[in-house]
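What follows is a short report on a single structure.
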Number of protein chains: 2
Amino acid sequence: MNLRDLKYLIAVADTRHFGQAAERCFVSQPTLSGQIKKLEEELGVTLFERSKRSVETTHPGEIIVAQARRVLEQADALLQLAQSHQDPLVGPLRMGVIPTLSPYLMPLILQPLQTQYPQIKLVLSEELTDTLLTRLDKHEIDAALLATPVENPDFESIPLFEEPFWLVHPRNHPLSKKKKIIQTDLDCTDLLLLAEGHCLAEQAMEVCHLHERAVQGDLADLRAASLETLLQLVAAGFGCTLLPALALNAVSAKDKGIMTRQLQLPDTYRQISLVYRRTFPRRKVLEVFAAVVLENLPDTIRAI
Amino acid sequence: MNLRDLKYLIAVADTRHFGQAAERCFVSQPTLSGQIKKLEEELGVTLFERSKRSVETTHPGEIIVAQARRVLEQADALLQLAQSHQDPLVGPLRMGVIPTLSPYLMPLILQPLQTQYPQIKLVLSEELTDTLLTRLDKHEIDAALLATPVENPDFESIPLFEEPFWLVHPRNHPLSKKKKIIQTDLDCTDLLLLAEGHCLAEQAMEVCHLHERAVQGDLADLRAASLETLLQLVAAGFGCTLLPALALNAVSAKDKGIMTRQLQLPDTYRQISLVYRRTFPRRKVLEVFAAVVLENLPDTIRAI
DNA sequence: ACAATTGATAGGAATTACCTATTAACTTAA
DNA sequence: TTAAGTTAATAGGTAATTCCTATCAATTGT
């Protein structure tokens, strides 16, 4: 059995005329006659009662024709579904974002994305880099916004922008007296860190030339679960920390006891990129997403 | 698109493995890979995300696979429908019967038919010969029980039995004195007839050697609409008539004022046969029906 | 009676599906 | 680290299927 055969079948049932049915199906009459005959043999049922004068659908024929219409109806629906998914922008885009980026970047782009590409249904999940990479590998998400380069050859990435780190310290901190922060100021500072697993923690240590062991002792117990908590610690005078630029809005607005200092030093930024499986078939939607991100960055952040 | 392709599609979606899917479909892996690729190109949608490690269904793929299942479901239902109609006995048998036969024959066969072949759904219609032939030609009925031979080459017939005519007259009729009825008794009798269109009327005239004009006059206005009415007229002494043997039950039971006389004369019977279109594909059900009729005839009627 | 129509048949051409063999990339075991 | 085993894709040739033109037999309409 064949969808084409069912089309032939219905054409004959509709026209009661092999010639006209053939014309409607854009085939010759012998072709259509042959296929109908083959179908009848396959089904073991005579579908049409032919005479030289007329063609009539038999009773079982009527029933089978009705069912054939249902089959073609569903097949047609399949084609329409396919058509509606030809545009790579259509459908859900499952995006993972690291926690130190998501709350500060997403508010900037959700509105523009929704306005420019309403057909993209963004599904966000906020998790640590490792988790995101695992889920990406398991096809549970389509792409991830990360701050670390990827080595896995299964993945590719679109570089988005460089996000500078700012130094954040209490207003009564010794560094308050310095007009400009230099590298050595960072080296020996009382750095507060995020909990383990946050890439920001390692990156901060790297910027400050610290190793894992250096943050043992008093500070080891103070690793914060979120940037918000971290800022609370800074405000409470427990030490200073490095903050990614996009998160600055979160601090300046609410806490007068905190000073934020731009770092005019080399390599004091993290590189944000959009990571996806090499085999992901809807690259277009990622390109569109990346473009929207870049268009809506504050002027202080430079795109790559 | 093709039902086979959809089977391949579902096999891959189920197994997430081209090789195993191919095995399930009894084709080679390259064949299946090729058809899936062709399908993807036709639909304009990437259905699977392949890597050397794994095969995953894309989001549009999931949707299309679900629809493909619906298509195959309906196609499967079609095959099952066809299967259930392979037996020519299954389904309605639309049977036309002439009014002078139906009420006397049908009670004899309905019960046995129902018992022996419960799958046959008999749909009866009782109409005059001409109407039945027209409806047979228009495929409105499948066959007809008639008492006249058919000339139309589109039709064929299965001879069933010869139904003798009996003479029926009032008990106080001159013929009551005769021990045996001979042809000349019939020739000049006061014959009562059924309404025009009933084949029985013409056949009775023929048996009695009468022509159309002979029944003009008084009798012309007395043509009865049914055998029952005819018997009422006989009982009321308006004349005599010829009755087909199967209808005898109807008279003997209810009216003592009527005599029924067997005719031991040549050609005093009508031939009942089952008429159908030459092209009717379920001849088997007709043969079965004919057999049931013959098996359940009273012993007084001889089958052909 | 003759031309036009209709569905079936025959024979050959074109397309399509299919198979085997092989490749390229990756994973696992030694 | 190398070797063996998997996996999906590719290439090339074969078999099956579909399709066409030409024709026939039967019927219908003029």
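Throughout, a chain's letter reflects where its sequence line sits, starting with A, and its residues are numbered from 1.
- B/Thr58 contributes atom OG1, which lies 7.0 Å from atom CD1 of B/Ile64 (distance to the nearest 0.5 angstrom).
- Of the inter-residue distances, the one linking B/Glu196 atom CD with B/Leu194 atom CG reads 11.5 Å to the nearest 0.5 angstrom.
- In the set C/dT27, C/dT6, D/dT7, D/dT7 carries the atom at the smallest distance from any side-chain atom of B/His17.
- Between the C1' atom of D/dA22 and the CD atom of A/Gln29 lies a distance of 12 Å, rounded to the nearest Å.
- The two atoms that bring A/Ala68 and A/Ile10 nearest to each other are C-CD1, 3.9 Å, heavy atoms only.
- Residue B/Thr31 has no polar side-chain atom (N or O) positioned under 4.0 Å from OP1 or OP2 of C/dA17.
- Put simply, B/Arg53 has no side-chain N or O that comes within less than 4.0 Å of OP1 or OP2 on D/dT7.
- Nearest nucleotide to the side chain of A/Arg278, out of D/dA8, C/dC26, D/dT21: C/dC26.
- Checked against C/dC26, C/dG7, C/dA10, the side chain of A/Pro30 finds its nearest nucleotide in C/dA10.
- In this structure, A/Asp5 and B/Val55 both approach DNA chain D, and ranking their closest nucleotides by distance from the 5' end singles out B/Val55.
- To the nearest 0.5 Å, the span separating CZ on A/Phe280 from CG on A/Asp142 amounts to 4.0 Å.
- With rounding to whole Å, B/Ile36 atom CD1 is found 14 Å from C/dA17 atom C1'.
- When distances run from any side-chain atom of B/Gln35 to the nucleotides C/dC18, C/dC26, D/dT18, the shortest one goes to C/dC18.
- Backbone-only contact: A/Ser33 has heavy atoms under 4.0 Å from sugar-phosphate atoms and none from a base.
- Here the OG atom belonging to B/Ser157 is positioned 8.0 Å from the CD atom belonging to B/Gln271, to the nearest 0.5 angstrom.
- For the pair B/Lys52 NZ and C/dT28 C1', the computed distance is 17 Å after rounding to whole Å.
- Distance B/Leu32 CG to D/dT7 P: 14 Å, rounded to the nearest Å.
- Here C/dT16 presents its P atom at 11 Å from CD of B/Glu42, a figure rounded to the nearest Å.
- The distance from atom CG of A/Asp154 to atom C1' of C/dA25 is 11 Å, rounded to the nearest whole Å.
- One finds a side-chain N or O of B/Lys37 lying less than 4.0 angstrom from the OP1 or OP2 phosphate oxygen of D/dT10.
- Atom CD of A/Glu49 and atom P of C/dG7 are 14 Å apart (whole Å).
- For the pair B/Tyr8 OH and D/dA9 P, the computed distance is 15 Å after rounding to whole Å.
- Residue B/Arg50 places none of its side-chain N or O atoms closer than 4.0 Å to OP1 or OP2 of D/dT7.
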